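Remarks on the structure that follows.
Everything numeric in this text was worked out from a predicted model, so none of it was measured. The chains referred to below are lettered A, B, ... by the order of the sequence lines, with proteins before strands, and numbering in each begins at 1.
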Amino acid sequence: MTGTLHRALGLTDEEHARIVEILGRDPNELELALYGVMWSEHCSYKSSRLHLRRLPTTGERVLVGPGENAGVIDAGDGIAVAIRIESHNHPSAIEPHQGAATGVGGILRDIFTMGARPLAVMDPLFFGPPDGARQRWLLEGVVSGISSYGNSVGVPTVGGELTFDPCYAGNPLVNVLCLGALPVDRLVLGRASGGGNLAVLLGATTGRDGIGGVSVLASAGFSGEADEAKRPNVQVGDPFEEKRLIEACLALLDAGLVVGIQDLGGAGLACATSETAARGGVGMDVDVGAVPRREPGMAPWEVMTSESQERMLAIVTPGSWPAVEALCRRWEVRASVVGTVTEDAAHPGRLRVRDGDNVVGDVPAASLADDAPVYDRPMHPPADLDRRRSDDPTGTEAPADCAAELAALLVDPSWVYRQYDHQLFLNTVVGPGADAALLRLAGPGLPPSERGVAVTTDSAPRWCAIDPRAGVALVLAEAVANLACVGATPVAVVNCLNFGNPEHPEVMWQLSETVDGLADACRAFGLPVVGGNVSLYNETTGADISPTPVLGVLGLVDRLVERPPPMALVPGSTVVLLGARRAAGRSPHPLGGSRWAVECRGRRHGALPALDAAAHARLAAFVASLVADALGGGGSVLCGVHDVSGGGLGVALAEMAVAGGSGVRVAGVDGHAELFTELPSRVLAATDAPVELCARAEAAGVPASVIGTAGGPRFAVEGLVDVSLDELTASWAGALARRLEPA
Amino acid sequence: MKFAVRVEVRLRQGIADPEGATIERALPALGFDDVRGVTAGRSFRFELDADDEAAARGRAGELARRLLANPVIEDADVELRPLARTGERR
Amino acid sequence: MKFAVRVEVRLRQGIADPEGATIERALPALGFDDVRGVTAGRSFRFELDADDEAAARGRAGELARRLLANPVIEDADVELRPLARTGERR
Amino acid sequence: MSARVGVVVFPGTNCEHDTVTALERAGATGTLVWHTEQRLDGLDAVVLPGGFAHGDYLRPGAIARFSPVMAAVERFAAGGGPVLGICNGFQVLTEAGLLPGALVKNRGLRFVCAPACVRVDSTQSVLTGGVDEGRELAIPVNHFSGSYVCDDRTLAELRDTGRVVLRYVENPNGSVDDIAGVASRAGNVVGLMPHPERASDPLVGSDDGLPLLRALVGAAAGVRAA
Ligand SMILES: Nc1ncnc2c1ncn2[C@@H]1O[C@H](COP(=O)(O)OP(=O)(O)O)[C@@H](O)[C@H]1O
Ligand SMILES: [Mg+2]
């Protein structure tokens, strides 16, 4: 009968044969289910692992790199920072509120599993244009899910992204990044060790929710009517349970009561038990009969693969069990011994599943965790690649009315982030709405420090669709610039690779190009990749999403005692553009892949501007040092700063004008092309000391040009735009509400 | 005819109900150790115009499924009774 | 004896009900212009042990007043029915 | 020696550490009080901080009000001790009947985390004593159920007896009469939805919450002296 069951469980005939080989016999139903979930794309990365190996992962600050639950960086002063990014795309498409909420719950567990207290969340979101009822339902649901879970569990959401593109209409993307901090000496890893030690299940009871959820959901694209069948898998999050779980787990770690700890995420107990055992090179006996149930009549395989939320697996010595029990009781967290660590010389490293006294499954733990097949899937570039790249929007005729098209590119995302607590812990110096979030490096249980951490999430599917390799490099450059604008030096990268169907050779080509582009760019900026996540099968009835790598970049600030110059214009100040104004080569102001070309002209093809990593790093270091002067309390030559990114110079200027409530008069901008080009490596600065700023820029090898003066009631770019600031502000502020809450 | 409708929306069997569970955990402390199986749901009331009870039931059911309940995780029960012309209070 | 209890909690007359109002505003667009006076409330179900119906009613009423409803803004209706010994499903 | 202020922690409370930090910036010593405590010995004031006690399930504050510590808070308040409820703490105090009215879902049915401006409209409370009447303070709000409601008689009484201590300059949630904070008859129990602890350091945007917290700490010191 297992002859067909393995297919239903998402295993190919070859994979089934491999399992038979590993076991030396036919697997039973439970064993097949274990392999089914553990060898799924979601848990095993079988299509992407081969490529991910090419990413640079080492650096002198890296304490823990990819492979563990989260990457960990040494931030100094005895404090380590843990960071991780995850996707919850498919669950969110089926039930946006719960899908997004459980996405937040899952990423938090990855962080406090490392011993870190979760201190901040970021949420890059991608939807179709929010004009139909379905897109509004998705956006409302996702945002309310993140809001209700994140706010209640007590972790501020300090930033994110919001991108609308038709390619996400059927398959929205919900990525969540979490950052936590811990005293370096509390760092723990998800390892089991010590024969006879106890495996203790902490937290919620186990139900049928999410059985095969992640695996089934994440490994099969959407085909309209099939959604119905998938619905029973929906998981409901309980932020109150998670809050108690966080406090209990951190208290257990502070008290030194656990040997190892691991969250239960995709593939539930099957994953947590096999991974902790495999990492520790030991075996584990698990008794499904000892697992507290929420529902009657669950089969052992259901208990092992259930993805019920808010559960952790802790490895504790028999001697400390009473203390563990007592501490969990205080926090009203359920704790049950569900297994023991085994070091059986005769059969080392076995995961033995019992139901009471009879053994219902017995497999090598490492074969579940590590022996999943690695696929080198066929890949090739899209047939029409050259045609696409030559179809360049640069040089399309100037708009009749630049002002209108500029206004159309302005979006105030506060409709989203007003629904998020972004202030808890009193650390948020710069919250959502600026270039990057800037936080004091402080929190309950951390040693005192004057340092700061900054974090930004960035993506640009419109670039990556044109050229995944160059596109992702430009995205990393933008992230570095965003950090510089809040005075931070980048130290580590996490990435969430959202792609289409890996069985389509173009998609595998996109993935491979993206990895190479990211690897090269990371080397160029001297940044390690400390973690990531891959989400494949983001497609709707055969149509793949644009390649969507989302980067989270962590930055550090040595001394944070004063606020940075805002992302705003100050009336009377001089506006200076830092960085080269013209691209080398034929077109000085390329428009390929720009928001203007895509959103105002519907031109999605062309060539991307080139990135000069060395020049970009010089600019970023220069800007970061000027802002850091202010952070350290030494004042700054800057009174406002903002990098030029999506929408180009026009949008960056407008965002600063609106934020500062100040008009501006700018001259010498070379037509709509310079107004809208997304040429990288440019930062807008407002200053009261333009001479000094330009002198210091020259000394630092950074081009600088005075382009205008802030002040007055109008936003004017000579020969291109002349509108009242109020008008501009209104279109910016109302952009989302107009579409989401049509009267 | 006018009908008074009550729609009760409840989580489907098997879907976790953290609110119900939390309330139940709190009860013993309040001296209610004789209470079990607490579930939390939502309830909506409204008035509906329809030609007859069958039509009213159809409309109310459609409204419950399309707007009031989240069919992914919730079921809806519909109860209704005809109202006297006078628009008697529910 | 075991009783199956349902408590419906509704906002008092005169207390603003933004949820009900929002739903009612959304109705015409969905083609439900035959619906009026939408109000939104909560509904709780549980099982209760008591010697007889009167006692059960008393306990359930007390639970509703003390915990499930906030008397400052809400009213609670209690319905209950005895359950067969066998612990029949509600 | 400085006043000792107890900050109550229910399961699900999440602003307790921030509140202790801010109280210390205001000159007090803050100590956490677990919700199962039955005595508040040696404390000069009690704060119920923000968060989501018991996940805000059922209604914000509905379950927390039955925690053992609340009986002690009631006695403490009856004895004239200063009691402050911030956000979720305000919700707990209304559920417990220590303050009139109730807090219902925001008009707009969305969570709101945003800067807000409140005006001191009465100085007859432990939170506003000595702060200039009419003074406007920038203190952020962060809540889903912050819309204050009460019956007309209560509202009239609150107005006539100077118990509406804080009003929003721009109403973020639909509260009746723009009410942001109210006090008990004796003025020693106060609840407000805005978060003064989040306005206790210019580095994170504002320190306009400190005058209020200093007033509370001053009242607590008075208790200690007496
Ligand atoms: N979904 C979201 N959640 C929280 N904050 C968001 C979200 N989307 C955008 N933001 C915030 O709005 C601001 C502008 O976003 P974006 O235009 O992507 O910034 P940038 O171009 O500097 O990367 C950023 O501070 C970002 O954190
Ligand atoms: Mg930026």
Carboxylate-amine/guanidinium contact C/Arg12 C/Asp75, below 4.0 Å: yes
Ionic contact status for B/Glu79 with B/Arg57, cut-off 4.0 Å: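 Looking at B/Glu79 together with B/Arg57, the answer is no, because their closest N to O distance does not fall below 4.0 Å.
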In terms of heavy-atom pairs under 4.5 Å, which option from C/Gly20, C/Ala26, C/Ala40 contacts chain B the most? C/Ala40
Name the region of C/Arg59, side chain, backbone, both or neither, that has any atom closer than 4.5 Å to a heavy atom of chain B. both
Pick one of side chain, backbone, both or neither for C/Glu19, based on which atoms fall under 4.5 Å of a heavy atom in chain B.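 Answer is neither: C/Glu19 stays 4.5 Å or more from chain B.
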Give a yes or no answer on whether the side chain of C/Glu24 reaches the backbone of C/Gly37 with a donor-acceptor pair at less than 3.5 Å.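 Judged by distance alone, yes, a pair lies under 3.5 Å.
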Side chain, backbone, both or neither: which part of [X] has an atom under 4.5 Å from a heavy atom of chain C?
X	result
B/Leu30	both
B/Arg6	side chain
B/Leu67	side chain
B/Asp17	neither

Using only heavy-atom distances, determine whether the side chains of C/Ser43 and B/Glu8 contain a donor-acceptor pair under 3.5 Å.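 Their side chains do contain a donor-acceptor pair, which is all the 3.5 Å distance test asks for.
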Can you tell me how far apart CG (C/Leu48) and CZ (C/Phe3) are? Round to the nearest 0.5 Å.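 Nearest 0.5 Å value for the CG-CZ distance: 7.5 Å.
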Heavy-atom distance under 4.5 Å between the side chains of C/Phe46 and B/Leu27, does that happen here?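 A side-chain contact is absent here, since even the closest heavy-atom pair is not under 4.5 Å.
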